[in-house]
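Just so you know, ligand 1 is whichever comes first in the structure, and atom 1 is the first atom listed for that ligand.
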Amino acid sequence: MTIQMVDILGVPFSSMTMEETLSYITKQLHDRETVFHIVTANPEIVMCARKDPGFEKVLKQADLITPDGIGVVKASGLLGQPIKERVAGFDMMNQWLAQLSEAGKPVSVYLLGAKPHVVEGAARTIASYPGVTVAGYHHGYFKKEEEAAIVEQIQKAQPDILLVALGFPRQEEFIQAYKHELRAKVAVGVGGSFDVWAGEVKRAPKWIQSIHLEWFYRLCSNPSRWRRQLVLAEFLKEVLRERKTVKS
Ligand code: UDP
């Protein structure tokens with residue numbers, strides 16, 4: 001199956017819907033030489049790739065980039081190649097695990113990242129899906145010299161799905177750096193998802209998500225993120241500049 005792609009400021013996004021994405025990634029759950037790397041990218045990630053050629057290379061080597069963030073969906077419309085819907089990492093993982101569980105397809109998951117009590121809480125939530133087992137977990141506050149031992153732990157666990165919550169760009173760089181060694185089938189960078197699974201952070205209510213203001217809810221519940229949100233304005237400026245170039 002060839003995936004339809006939409007280029008947004010140099011980042012090749014998949015334009016599959018959530019349903020199409022789930023069926024596509026389920027097909028990737030087979031033994032492979034290198035892990036199937038999924039990036040769920042928002043405007044911050046796009047802007048990070050524009051400023052950091054090393055990270056841009058990491059993104060281009062990923063196997064699938066989904067539009068996480070309404071900013072990406074809106075940008076695709078402005079650029080004349082509308083993406084149908086947002087495929088947020090947290091929603092994708094919940095729906096995927098529920099689907100695999102309902103289909104009676106047993107899967108194992110390894111969780112890497114977040115604070116020790118958070119990863120433990122997230123592992124408990126993940127393990128509550130019938131048929132889903134947790135092959136292991138490790139917190140995300142480790143030194144470079146501890147990395148080899150963590151990779152070895154993941155190798156031994158041989159999970160079907162590896163969830164990495166170290167924040168970007170570190171989670172994507174980690175997966176890319178070890179994609180030949182991890183022995184997982186699919187690996188996904190999931191940002192702050194463990195905090196939500198562990199009940200430390202609340203996701204915006206559905207009605208706020210539906211009016212596309214989740215970013216604003218996150219800003220209000222954690223005002224220290226305002227600096228990070230400034231990048232959204234920069235993203236919009238770049239998209240509008242690109243649109244002018246495309247039109248002329
Ligand atoms: N994190 C980590 N190690 C670090 C820095 C961060 O494991 O050295 C974790 C952090 O505890 C959080 C996740 O990475 O669980 C990233 O959260 P953030 O809210 O930044 O994610 P995003 O906004 O990218 O979804």
Side-chain angles (χ1 to χ4, degrees), residues 11 13 37-52 55-56 58-59 62 65-73 86-94 109-126 134 136-151 153-154 162-178 182 187-204 208-209 212-235:
V11 176
F13 279 90
H37 180 192
I38 306 173
V39 177
T40 66
N42 58 16
E44 277 184 274
I45 291 190
V46 173
M47 292 312 287
C48 179
R50 269 177 100 70
K51 288 175 189 157
D52 175 353
F55 184 53
E56 185 190 11
V58 166
L59 279 197
I65 305 180
T66 74
D68 185 337
I70 197 61
V72 173
V73 177
R86 178 180 177 202
V87 180
F90 181 74
D91 298 332
M92 177 174 80
M93 287 319 304
N94 275 323
V109 181
Y110 190 103
L111 296 89
L112 172 65
K115 295 185 181 133
H117 74 282
V118 171
V119 67
E120 208 179 305
R124 240 179 278 126
T125 305
I126 298 273
V134 170
Y137 59 84
H138 195 287
H139 65 79
Y141 292 83
F142 51 84
K143 298 195 189 88
K144 188 83 191 142
E145 53 269 32
E146 294 170 272
E147 237 169 70
I150 294 170
V151 171
Q153 258 190 40
I154 301 171
L162 169 65
L163 301 177
V164 186
L166 300 171
F168 77 90
R170 204 168 147 220
Q171 59 197 18
E172 284 74 29
E173 287 166 354
F174 179 91
I175 296 171
Q176 197 59 47
Y178 297 107
L182 289 168
V188 196
V190 291
S193 299
F194 290 2
D195 298 83
V196 185
W197 276 318
E200 293 277 310
V201 169
K202 271 203 176 32
R203 189 84 196 276
I208 292 188
Q209 290 183 43
H212 304 152
L213 283 178
E214 186 170 18
W215 62 274
F216 186 64
Y217 177 90
R218 286 182 86 179
L219 181 60
C220 294
S221 25
N222 187 356
S224 63
R225 290 178 76 95
W226 72 270
R227 239 177 229 289
R228 287 182 57 172
Q229 303 279 357
L230 284 181
V231 81
L232 285 175
E234 232 180 294
F235 172 76

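- For the residues Gly191, Gly189, Pro116, Pro169, the heavy atom positioned nearest atom 13 (C) of ligand 1 is part of Gly191.
- Among all non-hydrogen protein atoms, the one lying nearest atom 24 (O) of ligand 1 is Arg228 NH2, 3.7 Å.
- At least one donor-acceptor pair closer than 3.5 Å links the side chain of Asp68 to the backbone N or O of Gly89.
- Which parts of ligand 1 touch Asp195 is read off a 4.0 Å heavy-atom cut-off, strictly below it: atoms 12 (C), 15 (O).
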Could you go through Arg170 and Glu173, starting from their C-alpha distance and side-chain angles, then the distance that decides it, and tell me whether this counts as salt bridge (Lys or Arg N to Asp or Glu O under 4.0 Å)?
CA-CA 5 Å; Arg170 204 168 147 220; Glu173 287 166 354; over 6 Å; no

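- Atoms of ligand 1 found under 4.0 Å from any heavy atom of Arg170 (numbered from 1 in listed order, with element): 3 (N), 4 (C), 8 (O).
- Rounding to the nearest 0.5 angstrom, the gap separating the CZ atom in Arg124 from the OH atom in Tyr137 is 7.5 Å.
- The pair Lys51-Glu234 meets the salt-bridge criterion, with a side-chain N (NZ, NE, NH1 or NH2) lying under 4.0 Å from an Asp/Glu carboxylate O.
- Contact detail for Phe55 and Cys48: the closest heavy-atom pair is CD2-SG, 3.5 Å.
- A parallel orientation is assigned to the rings of His139 and Tyr141, their planes being inclined by less than 30° (bins at 30° and 60°).
- An N or O contact shorter than 3.5 Å links Gly140 to ligand 1 by distance.
- For Ala165, every heavy-atom contact with ligand 1 shorter than 4.0 Å involves the backbone, none the side chain.
- Of the heavy atoms in Leu166, both backbone and side-chain atoms come closer than 4.0 Å to ligand 1.
- Between atom 6 (C) of ligand 1 and the options Phe90, Tyr141, Phe194, Phe142, the minimum heavy-atom separation is to Tyr141.
- At distances below 3.5 Å, at least one donor-acceptor pair connects side-chain atoms of Gln171 with backbone N or O atoms of Gly167.
- Here the straight-line distance linking atom CD of Glu172 with atom CD1 of Ile45 works out to 5.0 Å at 0.5 Å rounding.
- Given atom 19 (O) of ligand 1, the protein heavy atom at minimum distance is Arg225 NH1, 3.4 Å.
- Residue Phe168 has no N or O atom closer than 3.5 Å to an N or O atom of ligand 1.
- Annotation: atom 21 (O) of ligand 1 to nearest protein heavy atom, Gly192 N, 3.2 Å.
- At distances below 3.5 Å, at least one donor-acceptor pair connects side-chain atoms of Glu146 with backbone N or O atoms of Lys143.
- Given atom 7 (O) of ligand 1, the protein heavy atom at minimum distance is Ala114 N, 2.8 Å.
- Distances below 4.0 Å separate heavy atoms of Gly113 from the following atoms of ligand 1: 7 (O).
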